[in-house]
**Q** 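Submitted below is the structure of interest, expressed as structure tokens.
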Amino acid sequence: MLAKLRPLMATAAAAAAKPAPALSFSTAAAEGDEHAHYNHTDACHHLRWTAKESYEYMYARPWSRVVDFYAELVRTGAGAAGLADLFGKDENGYSLDTNGEDYTAPSENQTSTKSSKDRGGRWERVTFKIVLSYHGGSFDGWQKQPGLNTVQGLVEKHLGQFVDEKKAKQLEARSLPLEGCAVVAGRTDKGVTALQQVCSFYTWRKDVKSSDIKDAINKAAPDKLRPLHVSQVSREFHPNFAAKWRRYLYIFPLDEDVKLISGEEQSAKTVEGPECNIKPQSFDVGKVDKIIRQLEGKSLSYKMFARDTQASRSVGPPTECFMFHSRAAVAKLHTADENCEEGTTRAICIELVANRFLRKMVRVLVATAIREAAAGAEEDALLNLMEATCRRATAPPAPPDGLCLVDVGYEDFNRQRCFIVD
């Protein structure tokens with residue numbers, strides 16, 4: 001009997017001999033204290049904001065200027081090209097490509113499939129690719145929900161007039177409203193803006209034209225929801241599964257004092273921590289860029305930076321993402337208020353491009369990167385947090401007002417089309 005227990009005893013001893021992780025969860029959390037925080041034990045733990053302090057710092061920004069900036073981009077229908085001026089880029093290099101269509105262009109194989117007389121049903125349906133721009137502050141997110149003003153609900157309502165007769169009878173029999181079905185590349189939360197969101201719609205009607213769909217959606221919510229481009233594509237096209245990358249941009253407005261964003265001086269504002277240490281209320285933008293760059297070119301599990309994440313149907317680990325591009329830089333926002341008075345706001349822009357993103361992942365990454373930069377953490381701070389055991393190790397999500405889904409790519413990623421490059 002003792003011989004059988006020796007291997008188990010040896011395994012337990014080896015586990016006990018392992019060094020303690022750099023991060024540990026506080027005892028209060030185990031006891032169910034809702035205000036418990038993750039205990040960071042690195043050299044700068046006494047300078048790191050708590051969850052409450054981080055939340056208050058993030059929301060105490062002039063967010064109305066960022067919201068107005070996004071609203072103007074949607075109103076003009078500029079799409080991703082509207083951001084080019086922020087970084088001194090030529091708008092023509094970022095205009096919406098409506099010629100190639102890349103994946104969605106009917107190939108010879110697809111053309112032969114369409115003309116096949118041996119196939120019916122779904123092979124005969126007509127699929128449309130719709131590129132949308134909408135203002136996040138005007139909607140309760142993308143996903144349709146009862147009693148809420150959502151983008152999907154509004155789009156599908158106006159697509160109802162293009163539903164085929166068979167589908168219309170099915171909806172009527174179930175006492176459901178006459179609506180189309182829009183499949184999206186990626187759902188956005190309430191307050192998140194999209195400049196070139198992609199969705200698809202199909203019907204068996206042969207008389208529906210791309211221009212008809214564009215005109216119908218354009219009347220849904222003028223200046224708040226704009227269809228930039230509608231085109232007929234192959235039946236195989238799926239806006240989510242066919243996408244190779246997504247690009248997000250987060251605009252974080254900074255304080256008016258230039259010194260606070262250059263890292264030359266610490267702010268006079270302080271917060272007394274539990275250990276009576278003075279915590280910084282400013283951060284170095286260059287530090288944020290160095291921290292966020294460490295994610296580039298790596299396939300990592302971002303479960304610590306996600307919220308409300310469920311298992312995915314995608315191939316591979318449900319929380320693993322590959323980051324093609326991750327950079328940060330300072331830019332100037334030119335906005336106008338209700339009185340048409342123009343103003344300039346300095347902001348830090350964080351550009352992230354990955355094959356996929358988890359729920360609230362970008363907002364948590366931004367908030368955590370800024371928190372770590374303010375505390376003076378090492379450049380590999382985010383990589384170290386990947387090994388944490390509790391999501392309280394990362395900061396609460398940054399406000400949705402600063403987040404924007406720039407575009408979705410169906411071709412291979414090209415770094416030269418990014419806004420923040422060396």
Side-chain angles (χ1 to χ4, degrees), residues 19 21-24 38 40-45 47-49 54 57-58 87 245-252 254 261-263 280 282-307 309 316-331 347-398 402-403 406 413-422:
L23 305 172
S24 60
Y38 206 88
H40 296 263
T41 57
D42 55 350
C44 59
H45 70 279
L47 296 175
R48 187 176 282 106
W49 300 329
S54 179
Y57 182 82
M58 292 290 158
F87 309 97
W245 51 264
R246 284 97 170 157
R247 172 163 52 163
Y248 280 90
L249 183 73
Y250 195 97
I251 300 180
F252 186 87
L254 299 167
I261 65 173
S262 64
S282 65
F283 62 91
D284 185 356
V285 174
K287 184 72 171 180
V288 175
D289 181 54
K290 292 179 180 178
I291 291 176
I292 208 76
R293 281 192 186 212
Q294 299 301 312
L295 306 177
E296 193 172 286
K298 298 181 179 68
S299 183
L300 302 168
S301 173
Y302 286 86
K303 61 182 179 180
M304 288 298 108
F305 297 88
R307 298 295 185 269
T309 302
T319 59
E320 187 173 301
C321 309
F322 182 85
M323 194 71 67
F324 291 102
H325 181 81
S326 52
R327 303 292 175 88
V330 175
I348 175 175
C349 298
I350 299 179
E351 184 180 22
L352 300 174
V353 183
N355 63 334
R356 60 198 291 263
F357 287 91
L358 307 180
R359 187 173 184 184
K360 299 184 181 179
M361 170 179 155
V362 176
R363 293 165 56 190
V364 176
L365 276 175
V366 170
T368 306
I370 291 177
R371 184 196 69 181
E372 297 301 306
E378 298 295 331
E379 296 179 8
D380 59 353
L382 296 183
L383 296 179
N384 293 335
L385 287 171
M386 300 286 179
E387 304 300 326
T389 57
C390 177
R391 286 177 175 170
R392 286 185 176 88
T394 55
L403 185 57
V406 180
F413 171 69
N414 182 6
R415 191 179 301 277
Q416 297 304 317
R417 288 184 61 85
C418 292
F419 295 112
I420 307 175
V421 293
D422 295 331

**Q** Please find the pair of heavy atoms, one from Gly376 and one from Lys287, that lie closest to each other, and give the distance.
**A**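 Heavy atoms only, the tightest pair is C-CE, 4.5 Å.
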**Q** Would you please name every residue forming a salt bridge (Lys or Arg N to Asp or Glu O under 4.0 Å) with Glu296, sequence neighbours left out?
**A**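 Here the qualifying residues are Arg327, Arg415.
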**Q** Mind telling me whether Tyr57 and Trp49 have parallel, tilted or perpendicular rings, with 30° and 60° as the class edges?
**A**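 Plane angle between 30° and 60°, so tilted.
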**Q** Quick one: sort the Phe413 and Trp245 rings into parallel, tilted or perpendicular, breaks at 30° and 60°.
**A**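 Answer is perpendicular, since the angle exceeds 60°.
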**Q** How long is the straight-line distance from NE2 of His325 back to CD of Glu351, given to the nearest 0.5 Å?
**A**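 Atom-to-atom, Glu351:CD and His325:NE2 are 4.0 Å apart.
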**Q** Ignoring hydrogens and geometry, is there a side-chain-to-backbone donor-acceptor pair from Thr368 to Ala395 under 3.5 Å?
**A**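 Here the side-chain-to-backbone pair exists.
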**Q** Quick check for you: to the nearest 0.5 Å, what is the distance between Arg247 atom CZ and Phe419 atom CZ?
**A**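 The CZ atom of Phe419 is 4.5 Å from CZ of Arg247, to the nearest 0.5 Å.
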**Q** Among Leu385, Val366, Val362, Leu358, which residue satisfies the side chain to side chain contact (heavy atoms under 4.5 Å, CB included) criterion with Phe305?
**A**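 The option that passes is Leu385.
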**Q** Between Met361 and Cys321, is there a side-chain heavy-atom distance shorter than 4.5 Å?
**A**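 Answer yes - side chains close enough.
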**Q** Without swapping roles, check the side chain of Arg246 against the backbone of Asn355 for a donor-acceptor pair under 3.5 Å.
**A**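 The answer is yes, because a donor-acceptor pair under 3.5 Å joins these two groups.
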**Q** For Phe283 and Glu372: C-alpha separation, side-chain torsions, deciding distance, then whether side chain to side chain contact (heavy atoms under 4.5 Å, CB included) applies.
**A** CA-CA 9 Å; Phe283 62 91; Glu372 297 301 306; over 6 Å; no
**Q** Which atoms form the tightest heavy-atom contact between Ala373 and Val288, and what is the distance?
**A**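 Heavy atoms of Ala373 and Val288 come nearest at CB-CG2, 3.5 Å.
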**Q** Where do Tyr302 and Met386 land on the side chain to side chain contact (heavy atoms under 4.5 Å, CB included) test, with the steps shown first?
**A** CA-CA 7 Å; Tyr302 286 86; Met386 300 286 179; 3.4 Å; yes
**Q** So, does Arg363 use its side chain to make a donor-acceptor pair with the main chain of Pro396 at under 3.5 Å?
**A**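 No; judged by distance alone, with no hydrogens or angles, the pair does not exist.
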**Q** Does any part of the side chain of Leu300, heavy atoms only, come nearer than 4.5 Å to the side chain of Leu383, both counted from C-beta?
**A**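 Yes - at least one pair of side-chain heavy atoms lies under 4.5 Å apart.
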**Q** Might you point out which heavy atoms bring Phe87 and Ala331 nearest each other, and give the distance in Å?
**A**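 What the structure gives for the nearest pair is CE2-CB, 4.4 Å.
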**Q** Rounded to the nearest 0.5 Å, what's the gap from CG on Asp289 to SG on Cys349? Could you check?
**A**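 Reported value, rounded in 0.5 Å steps: 12.0 Å.
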**Q** Ignoring hydrogens, what is the shortest heavy-atom contact between Pro397 and Val364? Give both atom names and the distance.
**A**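 That closest heavy-atom pairing would be CG-CG2, 3.8 Å.
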**Q** About how many Å separate CD1 of Ile292 and CE of Met323, when rounded to the nearest 0.5 Å?
**A**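 One gets 7.0 Å once the value is rounded to the nearest 0.5 Å.
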**Q** At their closest point, which heavy atom of Ala374 faces which heavy atom of Ser282, and how far apart are they?
**A**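 Smallest heavy-atom distance, with atoms named: CB-O, 3.4 Å.
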**Q** Compare every heavy atom of Arg371 with every heavy atom of Thr394, then report the nearest pair and how far apart it is.
**A**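 So the two residues come closest at C-NH1, 3.7 Å.
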**Q** By the definition side chain to side chain contact (heavy atoms under 4.5 Å, CB included), identify the one residue from Ile370, Ile350, Leu295, Ile291 that meets it with Leu365.
**A**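 Going through Ile370, Ile350, Leu295, Ile291 one by one, the side chain to side chain contact (heavy atoms under 4.5 Å, CB included) with Leu365 is satisfied by Leu295 alone.
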**Q** What pairs with Ala375 under side-chain contact (heavy atoms from CB on, under 4.5 Å), at least two apart in sequence or on another chain?
**A**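 Testing Ala375 for side-chain contact (heavy atoms from CB on, under 4.5 Å), a comparison that skips the adjacent residues, returns Cys44, Leu47, Arg48.
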